[in-house]
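Here the structure comes first, spelled out in structure tokens, and everything after it is commentary.
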Amino acid sequence: IAAIFKDDKIANYSNLINTSDTPNDVYDLVAKGTVKIVNEYSYLREDMIKNEKNYSADFIKKHIKINSKKFELIIFIRAFLKRAVMTIPYNVGLEKLQLQLINDGFFIKVKEPLKNKFDDAFILKPELTKNNEPLRLNYNEFGLITSFLFKAVNETFPNIPKYVDYTKKIANIFSTLNIPIQWVTPLGMKVKMEYLKRKNKPSISYYTNKRKTSFSLPIPTMDSISNRIAFMPNFIHSMDATNVQILIKNFKDKKEENISLLTVHDCFATLPNYMEKLNKEVRLAFIMIYFQGDYIKSVHLNFLKQIYN
């Protein structure tokens with residue numbers, strides 16, 4: 001993202017252009033930002049209790065059941081923050097981030113029987129608390145702590161919401177026109193993204209007579225929500241693919257086709273005796289993609305051309 005949008009601040013924090021001997025730590029920056037937000041919220045809630053007349057009834061109703069002291073017990077370690085740092089710039093939503101934190105094992109969701117979702121509890125594992133004990137959060141507290149992570153990432157990298165908003169607006173325009181989003185990678189690979197709405201069709205199963213079944217078929221109408229959510233990550237993944245393509249092409253051009261190479265998205269592996277060479281070639285491919293011309297400008301002009309046509 002730093003290279004695509006020529007963002008100096010993100011590039012420096014992610015060590016893309018850092019020239020100092022000490023590398024920057026993105027996760028430490030976000031951790032400090034999250035702690036700052038937690039402290040600000042604790043002060044705000046204390047003030048709400050003392051000066052209730054200064055706050056609206058809706059605000060008080062929303063925050064009165066929040067125990068801000070719980071948040072001060074949380075240790076915002078690298079592993080806990082990594083999911084937020086890695087996915088928020090990819091346009092992940094708040095509910096999706098909450099689900100990821102549960103699936104990653106940081107929280108255990110406790111479903112209260114015969115009650116609605118607002119009565120659910122979320123248990124933070126003891127390794128992430130200062131007293132080394134499980135921390136029980138209610139529905140609103142869990143939602144608030146994940147919103148703090150969102151805010152910390154966006155405040156640390158203030159341009160990220162602008163980039164995400166840009167991709168959302170492009171996706172919305174294409175969905176309104178009911179046309180797929182298309183772009184060409186720096187190596188000339190054509191990418192076409194079109195998530196279509198689907199409609200359920202009733203059917204009869206030949207395997208059981210107990211109940212009817214159904215299946216969904218795509219209809220020729222763009223799914224605006226799916227396209228809006230998927231555009232940013234798919235665009236970034238196409239850049240990852242370009243890096244791999246250029247890397248392999250460069251190895252072939254240099255008659256070094258026997259190198260052992262393993263790639264998964266933007267991760268690369270090889271044998272120890274090839275590591276220095278691979279590191280150099282990955283960086284060279286990166287430079288060829290992002291610093292030999294203004295790629296994002298050409299993509300934007302191409303989008304405008306498609307819209308105009």
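Quantities reported herein were computed from a predicted structural model and do not represent experimental measurements.
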Indicate, with yes or no, if [Y] and [X] share a hydrophobic cluster defined by side-chain heavy-atom contacts under 4.5 Å among Ile, Leu, Val, Met, Phe, Trp and Tyr.
X: Leu144; Y: Leu99; result: no
X: Leu135; Y: Ile102; result: yes
X: Met48; Y: Leu44; result: yes
X: Ile179; Y: Val184; result: no
X: Ile145; Y: Tyr43; result: no

What pair of heavy atoms forms the shortest contact from [X] to [Y], and how long is it?
X: Ile289; Y: Pro186; answer: CG2-CG, 3.7 Å
X: Phe174; Y: Pro180; answer: CD2-O, 3.2 Å
X: Val282; Y: Asn243; answer: O-ND2, 3.9 Å
X: Asn132; Y: Pro126; answer: OD1-O, 3.3 Å
X: Ala285; Y: Leu247; answer: CB-N, 4.1 Å
X: Ile74; Y: Lys130; answer: O-CE, 4.1 Å

Test item: [X] side-chain N/O and [Y] main-chain N/O as donor-acceptor pair under 3.5 Å:
X: His300; Y: Ile296; result: no
X: Thr185; Y: Met189; result: yes
X: Asn91; Y: Arg228; result: yes
X: Asn24; Y: Asn12; result: yes

Indicate yes or no: at least one non-hydrogen side-chain atom of [X] is less than 4.5 angstrom from one of [Y].
X: Ile77; Y: Leu128; answer: yes
X: Phe76; Y: Val38; answer: yes
X: Arg198; Y: Ile219; answer: no
X: Met193; Y: Gln182; answer: no
X: Arg83; Y: Val92; answer: no
X: Phe122; Y: Thr146; answer: no
X: Lys9; Y: Asn159; answer: no
X: Tyr163; Y: Ile1; answer: yes

To the nearest 0.5 angstrom, please state how far the [atom1] atom of [X] sits from the [atom2] atom of [Y].
X: Thr156; Y: Leu81; atom1: OG1; atom2: CG; result: 9.5 Å
X: Phe59; Y: Glu52; atom1: CZ; atom2: CD; result: 11.5 Å
X: Asn140; Y: Ser147; atom1: CG; atom2: OG; result: 10.5 Å
X: Phe142; Y: Leu101; atom1: CZ; atom2: CG; result: 6.0 Å
X: Ser14; Y: Leu29; atom1: OG; atom2: CG; result: 11.0 Å
X: Asn227; Y: Thr167; atom1: CG; atom2: OG1; result: 11.5 Å

Answer yes when [X] and [Y] have at least one side-chain N-carboxylate O distance shorter than 4.0 Å, and no when they do not.
X: Glu141; Y: Arg136; value: no
X: Asp223; Y: Lys197; value: no
X: Lys36; Y: Glu40; value: yes
X: Lys70; Y: Glu72; value: no
X: Glu133; Y: Lys125; value: no

Set out, in order, the CA-CA distance, both residues' side-chain angles and the distance that settles side chain to side chain contact (heavy atoms under 4.5 Å, CB included) for Leu261 and Thr263, then state yes or no. CA-CA 7 Å; Leu261 178 64; Thr263 71; 4.0 Å; yes
Between Trp183 and Phe231 (judged by ring centroids, cut-off 6.0 Å), do the two rings come close enough to count as a pair?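 Ring-ring flag for Trp183/Phe231: true, centres closer than 6.0 Å.
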Has [X] got more than 12 heavy atoms of other residues, nucleotides or ligands less than 6.0 Å from its [atom1]?
X: Lys82; atom1: NZ; result: no
X: Ile225; atom1: CD1; result: no
X: Ile108; atom1: CD1; result: no

Could you check Lys249 against Glu281 for salt bridge (charged side-chain N to carboxylate O under 4.0 Å, His left out), going step by step and ending with a plain yes or no? CA-CA 11 Å; Lys249 182 179 183 299; Glu281 292 296 335; over 6 Å; no
Trace of the side chain to side chain donor-acceptor pair (under 3.5 Å) decision for Asn234 with Tyr195: CA-CA 12 Å; Asn234 282 340; Tyr195 290 90; 3.3 Å; yes
So, [X] and [Y]: side-chain donor and acceptor under 3.5 Å apart, yes or no?
X: Tyr13; Y: Asp28; answer: no
X: Asn302; Y: Gln306; answer: yes
X: Ser56; Y: Asp58; answer: no

Hey, mind stepping through Ile4 and Val299 against side chain to side chain contact (heavy atoms under 4.5 Å, CB included) and telling me if it holds? CA-CA 11 Å; Ile4 290 173; Val299 170; over 6 Å; no
Could you check Ile66 against Phe71 for side chain to side chain contact (heavy atoms under 4.5 Å, CB included), going step by step and ending with a plain yes or no? CA-CA 10 Å; Ile66 301 291; Phe71 301 149; 3.8 Å; yes
Among Ile181, Asn178, Thr176, the one residue meeting side chain to side chain contact (heavy atoms under 4.5 Å, CB included) with Met222: Asn178
Begin with the C-alpha distance, continue with both residues' side-chain angles, and end with the deciding distance and a verdict on ring pair (Phe, Tyr, Trp, His ring centres under 6.0 Å) for His63 and Tyr41. CA-CA 10 Å; His63 295 275; Tyr41 178 79; 5.5 Å; yes
Quick one: sort the Phe5 and Tyr166 rings into parallel, tilted or perpendicular, breaks at 30° and 60°.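 Taking Tyr166 first and then Phe5, their aromatic rings stand perpendicular (interplane angle over 60°).
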Return the orientation label for the Phe80 and Phe107 ring planes: parallel under 30°, perpendicular over 60°, tilted otherwise. tilted
Take His237 and Tyr90 through the test side chain to side chain contact (heavy atoms under 4.5 Å, CB included) and record every step on the way to the result. CA-CA 10 Å; His237 290 157; Tyr90 275 20; 4.0 Å; yes
